[in-house]
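By convention here, the first residue in the shown sequence is residue 1. Whatever order the structure lists them in is the order used to number ligands and atoms, beginning at 1.
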Amino acid sequence: MKKTIIGLGAVLIGLIAIVLFRASTVFEDVQIPPAENLARVELDEERVVERMAGAIRFPTISHDDRSNFDADAFLALHDYLRESFPLVHERAELTLINDYSLLFHIAGSDSSLKPVMFMGHMDVVPVDDVTLAEWTHDPFAGVVAGGEIWGRGTIDNKLSVMSFLEATEALIRDGFEPERSLYLSFGHDEEVGGLDGAKAVAEHLAEQGIQFEFVVDEGGVILEGIIQSVDRPVAMIGVAEKGYLNLRLRVDAPGGHSSRPPPQSGLGILSRAIVKLEDNPFPSELTHIKKTFSAYAADAKFTDRLAMGNTWLLSPIIKAALLKDQAVAGAMRTTTAATMASGSSKSNILPTRAEAVVNFRILPGDTAELVRDRVVDIIDDERVEVIMETNINPSPVSPTDSWGYELLSRTIRGFDDDILVAPNLLIGGTDARYFHAVSPNVYRFIMVRANPDTLNIVHGIDERIAIEDYLTAIRFYYALIREATG
Ligand SMILES: [Zn+2]
């Protein structure tokens with residue numbers, strides 16, 4: 001007996017030694033050194049800010065109901081861009097895709113170099129009437145106040161449209177002679193799926209056989225005070241995004257009067273199916289979380305390094321802790337969300353058809369078909385029909401050792417070497433998903449800072465950007481485009 005205890009003690013001490021050793025050695029500093037001597041741009045700050053405010057005044061709203069599409073708002077924005085950026089319009093070849101999306105191309109002198117793509121979108125989400133009164137300034141008035149530019153689209157995503165164009169306009173003014181071709185693409189329907197915009201643009205480019213060295217779209221931002229594990233700001237570069245699947249669950253039943261109900265109504269059968277799905281979530285994994293953590297681990301708290309350096313031993317404990325945060329959980333598993341349901345249209349009539357829609361956000365590695373098959377297995381009830389509707393598979397995962405990723409990293413850090421750069425998995429969707437067809441290196445990042453106070457303004461109330469942040473974005477893209485195009 002005594003021997004066994006000593007044996008267990010030795011094993012335990014051995015384990016603790018391994019755990020501590022790994023916490024201190026497994027993570028190397030992988031941060032790419034900051035770029036030096038980046039090109040600096042001269043800006044007429046007042047005019048730049050006024051031009052951005054002007055762009056906010058066009059209500060280029062994407063509605064779920066496409067019949068509400070306001071073509072005039074988009075055409076007026078096109079005219080505004082033409083007036084605001086005469087040099088870009090004179091120099092670039094401009095292709096209209098499906099009438100409203102814009103594709104600019106400035107040819108480089110060396111056609112053996114693959115071009116680079118900077119993309120964004122001109123459409124914005126609507127402002128909910130109920131929340132309108134809560135806005136400090138009218139969301140479409142383009143107000144500049146308190147050192148900030150206010151309104152819907154200031155970040156998502158007229159920030160990209162305007163800062164790319166400001167940077168390119170200034171580059172041309174300063175004698176831009178790129179070796180590598182530059183493309184700018186601005187979609188008009190990102191907020192409703194990007195089918196007529198970005199998808200068509202990507203197809204147009206693929207038809208011409210164009211492959212890009214890298215593609216930059218919106219997605220990640222610089223997080224400040226949001227990641228608890230590290231005190232420094234972290235620029236998140238989205239290297240992949242989750243897939244999207246709607247499954248319609250349908251139960252057809254005899255119906256009849258509610259005074260003579262069967263033991264299970266169509267709605268009851270449907271509800272059991274939904275409960276089974278919620279009780280059996282998809283398995284979780286730490287792959288993506290760990291990849292993000294590893295990038296800034298050298299600066300992370302010791303206790304977090306201790307945990308993440310020993311997932312071989314502590315994985316169940318770590319998962320249980322992380323899954324409590326819904327945003328983090330989204331990067332760990334395919335998520336299940338029952339969102340819509342219907343039964344009969346009258347309180348005393350049994351439904352002849354009960355239906356629900358369950359929305360899944362699919363982790364890279366899973367596919368829509370795999371999710372559907374698993375759902376059928378879990379429900380395990382032939383009375384419930386499972387119908388596949390909107391179905392977008394997860395994107396491939398872009399590498400972090402490509403020239404494009406490294407260029408982005410060192411340019412970000414060239415602006416502020418306190419910033420750490422990390423790859424992450426986007427739990428939402430972007431237009432970038434269509435561009436994996438034209439480049440293996442697709443990165444989702446906009447040069448803007450988010451803190452706990454501003455994290456929810458995108459798609460929310462009081463969307464706005466600090467003037468200083470907007471000017472930094474233009475300066476950043478000026479330098480980045482210069483570095484990227486040679
Ligand atoms: Zn967006």
Side-chain angles (χ1 to χ4, degrees), residues 52 55-56 58-64 66 69-70 73-74 77 81 97-98 100-103 117-128 139-140 142 149-165 184-202 215-223 235-244 327 330 361 390 392 394-395 408 424-436 442-450 454-465 469-470 473 476-477:
M52 175 60 156
I56 300 305
F58 298 92
T60 47
I61 299 167
S62 268
H63 300 274
D64 282 334
R66 304 288 179 109
F69 181 74
D70 181 358
F74 284 88
L77 177 60
L81 297 178
I97 304 287
N98 284 332
Y100 305 108
S101 283
L102 303 174
L103 177 63
M117 164 65 79
F118 289 80
M119 56 187 288
H121 62 90
M122 297 177 284
D123 62 319
V124 299
V125 292
V127 172
D128 195 346
F140 293 103
I149 310 168
W150 296 72
R152 179 61 88 222
T154 41
I155 291 178
D156 188 11
N157 180 241
K158 285 174 180 170
L159 167 59
S160 293
V161 176
M162 294 303 285
S163 60
F164 295 168
L165 285 169
L184 305 177
S185 174
F186 303 126
H188 70 277
D189 62 350
E190 192 273 345
E191 300 291 358
V192 287
L195 293 177
D196 291 338
K199 182 164 190 272
V201 174
V215 174
V216 174
D217 192 12
E218 63 171 345
V221 297
I222 300 167
L223 301 178
M236 289 288 185
I237 299 182
V239 290
E241 62 189 76
K242 294 180 85 179
Y244 186 104
R361 301 303 178 102
T390 313
I392 300 162
S395 77
L408 254 175
N424 79 330
L425 167 69
L426 242 65
I427 61 173
T430 71
D431 271 347
R433 62 174 166 265
Y434 303 116
F435 281 69
H436 287 272
V442 178
Y443 302 110
R444 299 156 181 85
F445 172 75
I446 47 174
M447 185 65 170
V448 71
R449 288 167 186 263
T454 58
L455 193 61
N456 293 320
I457 59 175
V458 167
H459 292 206
I461 296 161
D462 277 349
E463 185 175 346
R464 64 193 186 275
I465 186 168
D469 283 355
Y470 180 53
F476 171 74
Y477 291 115

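- Of all N, O or S atoms in H121, the one lying closest to the Zn ion (ligand 1) is NE2.
- Within the 4.5 Å cutoff, the side chain of T454 has no heavy atoms near those of the I465 side chain.
- Checked by atom type, the side-chain pair H459/D156 shows a donor-acceptor distance below 3.5 Å.
- Qualifying side chain to side chain contact (heavy atoms under 4.5 Å, CB included) partners for I427, counting only residues two or more places apart in sequence or in other chains: K242, A331.
- Taking 2.8 Å as the threshold, E218 counts as a candidate ligand of the Zn ion (ligand 1), since one of its N, O or S atoms lies below it.
- Evaluation of the side chain to side chain contact (heavy atoms under 4.5 Å, CB included) rule for P394 yields I362, P364 as partners, not counting sequence neighbours.
- Nearest N, O or S atom of D156 to the Zn ion (ligand 1): atom OD1.
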